[in-house]
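Have a look at the structure below, then the notes.
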Amino acid sequence: PTIDNSLTYGMLFITGLLTSIHCISMCGAINLLAIVDNQATQNLKRPILYNLGRVISYTIIGGIVGAIGSLFTLNENIHGIIIILASLIMFMLSLGMLGIINFHIPFLHNLKLKNKTHNSFVIGLLNGIMPCGALQAMQIYALSTGSFFKGALSMFLFALGTIPLMLLIGIIYNIFKGKRKILLNKIASILILILSIIMLNRGLLTLNIDLFKNTTTNDNYIKSKIENDYQIIEFDLNYNNYADIIVQKDIPVKLIIHVDKKYLTGCNNEIILKDFDITKTLVEGDNLIEFTPTQTGTFTYTCWMDMIKNNIKVIDNKNYF
């Protein structure tokens, strides 16, 4: 959902409910880390405490941001570094849970390998300061209220909306016991490993580093058309993708993105071309982005949450066009 000042308190809860799907993809590793119990027994306290910690953290941060929000604005590089550090910690923990490595870093050892139930509550509290796109959008909303109470209430309602799906996953996980629980622990550990790598790439994208380079061939890129000394490229916005485009070096580009309101979301509504120092908020209708590529190569551009990524390929070959 697009989060703006038009949201009512009821819609804040519904926004949280719908955004919880996004939470699973963005913070799934953290969720699993909080609920996984290395014992073969049931432990419903872990998912409950994790979600309780999240609600408390979100509410307090919402109140603080509502009152003095400007102090909590994160530099984009700091945003990326926090995500990278969190992903590396989860990566190491997953290797330890799988028995691949043994390490004795006190913080990591106490956080998970001792398997204390109260750690789930602590992880939930820390979840509130993770640089998550949807969470930051809600913090901006809380900031706009200009009130500690309204900021806290808005974040509390949003957090409540995210609980059903997040808690359901934890409860389903803890239904299993015995050998099935041991097997599920291994699967969860592998998922944490995979999700931590995905999260690492998201953090690196914030710093303009891409671990997973797009291998799309030139034939699958949208080619520019030369008109009045400009390269013109047009494409339609969809939910989870922009477009891979190919342009010629040293010729100004006019990139036109056609936006249908039904495809505009809180994730894809802001596009960032880091290499060209461009940030563009997309609106319904035709959106124009202009830049001049001066170097050949493949450049990644993303949504503001670094979830959607596409390429701009710059070549120096007039005969290709």
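Just so it is clear, the structure is predicted and the values come from calculations on it, not from any experiment.
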With sequence neighbours left out, write down each residue that passes ring pair (Phe, Tyr, Trp, His ring centres under 6.0 Å) with Tyr242, or none if nothing qualifies.
Tyr301

Contacts of Phe276 meeting ring pair (Phe, Tyr, Trp, His ring centres under 6.0 Å) (sequence neighbours excluded), chain-then-number -> Phe291, Phe299

Does the side chain of [Y] come within less than 4.5 Å of [X]'s, by heavy atoms?
X	Y	value
Asn310	Thr300	no
Val247	Lys313	no
Thr162	Arg54	yes
Ile315	Ile246	yes

Gap between atom [atom2] of [Y] and atom [atom1] of [X] - 0.5 Å precision:
X	Y	atom1	atom2	answer
Ile308	Glu270	CD1	CD	12.0 Å
Tyr263	Leu282	OH	CG	15.5 Å
Asn268	Ile257	CG	CD1	9.5 Å
Asp316	Asp250	CG	CG	7.0 Å
Lys309	Asp244	NZ	CG	10.0 Å
Lys254	Asn228	NZ	CG	8.0 Å

Mind checking side chain to side chain contact (heavy atoms under 4.5 Å, CB included) for [X] and listing every partner two or more places apart, or none if nothing turns up?
X	result
Asp236	His258
Asn238	Asn240, Asn241
Ile56	Leu52, Ile60, Phe121, Leu125
Phe91	Leu95, Leu193, Ser196, Ile197

Residues Ile278, Glu290; criterion side-chain contact (heavy atoms from CB on, under 4.5 Å); working and verdict
CA-CA 9 Å; Ile278 294 173; Glu290 296 188 59; over 6 Å; no

Under the criterion side-chain contact (heavy atoms from CB on, under 4.5 Å), I'd like the reasoning laid out for Val253 against Thr292: C-alpha separation, chi angles, the key distance, then a yes or no.
CA-CA 6 Å; Val253 175; Thr292 302; over 6 Å; no

Is a side-chain donor or acceptor of Ser154 paired with a backbone partner of Gly151 at a separation under 3.5 angstrom?
yes

Hey, is the main chain of Val55 close enough, under 3.5 Å, to the side chain of Thr59 for a donor-acceptor pair?
yes

Nearest heavy-atom neighbours spanning Pro164 and Leu160
CD-O, 3.3 Å

To check you understand the geometry: which heavy-atom pair defines the closest contact between Gly124 and Ser57, and what is its length?
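Looks like O-CB, 4.1 Å.
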
Linked hydrophobic residues, Ile256 as query - side chain contacts closer than 4.5 Å
Tyr230, Ile232, Leu288

Is there a path of hydrophobic side-chain contacts, each under 4.5 Å between heavy atoms of I, L, V, M, F, W or Y residues, that connects Leu17 with Leu153?
no

For Ile312 and Leu273: C-alpha separation, side-chain torsions, deciding distance, then whether side-chain contact (heavy atoms from CB on, under 4.5 Å) applies.
CA-CA 9 Å; Ile312 299 172; Leu273 289 71; 3.6 Å; yes

Any chance you could lay out the side-chain contact (heavy atoms from CB on, under 4.5 Å) test for Gln231 and Gln248, step after step, and finish with the verdict?
CA-CA 8 Å; Gln231 301 183 82; Gln248 190 173 321; 3.4 Å; yes

